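Heads up, the thing below is written out as structure tokens.
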Amino acid sequence: MLTTTAPEIKSEEYFINMGPQHPATHGVLRLVLTIDGEIIKKVEPDLGYIHRSIEKMCESDSYQQIVHLTDRMDYLSSHINNEAVCLTVENALQLEVTDRINVIRTIMGELTRISSHCLWWGVMGMDVGALTTYFYGFRDRELINDIFEETCGARLTMNYAIPGGLMYDIHPNFVKRVKEFIVHFKTKLPEYDRLLTDNVIFQKRMVGVGLLSKEDAISFGASGPVGRGSGYSCDVRKHHPYSALDKVSFTESLLTAGDSFARYKVRIMEMWESMSIIEQLIDNIPEGDFRLTTNAVIKLPKGEFYQKVETARGELGVFIISTGTKSPYRLKFRSPGLSNLSLLNHITVGGKIADLVATMATIDIVVPDIDR
Amino acid sequence: MTNEALQNTIASWFENKLEANLVFSTEGSQFLNVEIDTGHLHELMSFLKVDKDMQFDYLFCLTGVDWNPELGVIYHLESTSFRHQLVVRVKISNRENPEIDSVQDLWATANFHEREVFDFFGITFNNHPKMKRLFLTDDWEGYPLRKDYVDEVNMITK
């Protein structure tokens, strides 16, 4: 009888480009992959395709103008970005805004978070081949955009918060429509779970993939749902509350598994928490001014001012160095996206290319936030 | 730990170990600031990361600044166990070939952020595994976030 042994299959490493135009990179991000067959050996992001040098532009802009540039960083958290700059400027001026401003800002921020997570959830499903989720996510996100449009006039780049308050007061329909949305979304969010979370195929793509330990999460500066999926308590809203967040009670969404599924579930839990925060505030929006008068030309005192906020993606830091003029001497945006992207190589090496797409979706990358 | 306690612990540790110029300040900032010379930066950072009373395990911001003529780097640190915060600053007087030790062996997040500083300020970080531009192309001339950077075509000065 003849016995044959299978010839040893040799493989060698090679490079492949993913992007800059690739649907799964959610924008113009180029990844240089070193692969051996289907196994990923290295993932190197190549950045800068849409770098607009916002930090340099800020050095010659007034503080009111800077707020508008922040919309264009993480465009899905635009209100929270606006708020971050406003808070930094107000802290520097020692300007105490009214409770009304704080409460409206927080409600807007949480609506932004839900709308961002809706979009992420839709695209997340699409990345792993479930096209229906995209329509579900966009359907519900549209309702929030309509609320934004009525009050701010804009659906995406809101420009609603300004140093010293808000651009306009809320629309008379605002409270009614937000309440309607909450009622609607409470019936829809369980559908998300039935459609995707509990799906066996989806779970097989997620559970145990893209593992990130708590120590690594801290070392890589992970924040937002990426950090919290690894059991790292990093919610800025809890640790350094701002606006009206110290007046509401909510639990930080924490899971310890550290895999893609944990990061996914944290975002679903966050949507419930955001709804709870809005419900606590929406019936009791205090009376008061929606805008305080500031000087037409805002000059910050000499010094350094840092403010962090929790966007839908994680910790956004605004660091202003002022020399006392109308523009900052140096302004740094510590974006959550850049730090979260830096750990992509760490959690995907050794896995398959298909898993890279799924894992990247759970990191929830918005490229303009990374490139700034 | 309060700012005073932090300051005392760091100062006493340094007294025994090294002769370095530490300057503490809280003026014009909500954090305690420590300024140190470039030669001792890495030793201070290792101490801050490893020491059991310090445990600054989270580097949440790394900023390059052009103080003209000096260049500078500002590190924002936080401890996730104690929740105390600290700012470490260095100034580099050599504008032609600014060099400083990398801290990416202590905090993995420094890898990308140091490359960003190199990209925009031209500060080279020693012992960094890949000291290349992060955003701009390799053949870009100059360092755009420096105050003396000129680009007559694309820059509008107000």
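Since the model is a prediction, treat every value here as computed from it, not as a measurement. By convention in this document, chain letters (A, B, ...) are assigned in the order of the sequence lines, proteins followed by strands, and residues within each chain are numbered from 1.
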Item to check | Closest non-hydrogen atom pair, A:S233 against B:R83 | outcome: O-NH2, 2.9 Å
Checklist entry - Any side-chain heavy-atom pair from A:F319 and B:H76 closer than 4.5 angstrom? => result yes
Checklist outcome for this item: Rounded to the nearest 0.5 Å, the OG atom of A:S219 sits from the CD atom of B:Q104 at a distance of 9.5 Å
Checklist entry - Side chain, backbone, both or neither: which part of A:P301 has a heavy atom under 4.5 Å from chain B? => result neither
Next on the checklist: Is the shortest side-chain heavy-atom distance between A:K332 and B:V65 below 4.5 Å?
Outcome noted: no
Next on the checklist: Which atoms of A:E59 are under 4.5 Å from chain B, going by heavy atoms: the side chain, the backbone, both sets, or neither?
Outcome noted: side chain
Item to check | Residue pair A:C234 / B:Y58, side-chain heavy-atom distance below 4.5 Å | outcome: no
Item to check | Heavy-atom pairs under 4.5 Å with chain A, option from B:E116, B:K49, B:H113 with the top count | outcome: B:E116
Item to check | chain A contact via B:R115 - which portion, at a heavy-atom distance below 4.5 Å | outcome: neither
Checklist outcome for this item: From the list B:T137, B:D57, B:L59, the residue making the most non-hydrogen contacts under 4.5 Å with chain A is B:D57
Checklist outcome for this item: Okay, A:H346 and chain B: the region with an atom under 4.5 Å from a heavy atom over there is neither
Checklist entry - What are the two closest non-hydrogen atoms of A:F305 and B:Q30, and how far apart are they? => result CA-OE1, 3.8 Å
Next on the checklist: So which residue, B:I74, B:V87, B:L136, B:N111, ends up with the most heavy-atom pairs under 4.5 Å with chain A?
Outcome noted: B:I74
Next on the checklist: Between A:I321 and B:T63, is the side-chain contact (heavy atoms from CB on, under 4.5 Å) condition met? List the steps.
Outcome noted: CA-CA 11 Å; A:I321 301 178; B:T63 316; 5.5 Å; no
Next on the checklist: Does any backbone or side-chain atom of B:E27 lie under 4.5 Å from a heavy atom of chain A? Answer side chain, backbone, both or neither.
Outcome noted: neither
Next on the checklist: Is B:K130 in contact with chain A via its backbone, its side chain, both, or neither, using a 4.5 Å heavy-atom distance?
Outcome noted: side chain
Next on the checklist: Can you give me the closest heavy-atom contact between A:R334 and B:F60, atom names plus distance?
Outcome noted: NE-O, 2.6 Å
Checklist outcome for this item: Interface check, chain A: of B:F120, B:Y149, B:W67, most non-hydrogen pairs under 4.5 Å belong to B:W67
Checklist entry - Quick one: does B:F135's side chain get under 4.5 Å of A:R372's, heavy atoms only? => result yes
Checklist entry - Would you find a donor on one side and an acceptor on the other, under 3.5 Å apart, between the side chain of A:Y329 and the backbone of B:D66? => result yes
Checklist outcome for this item: Taken to the nearest 0.5 Å, the spacing of B:E78 CD from A:H239 NE2 works out to 8.0 Å
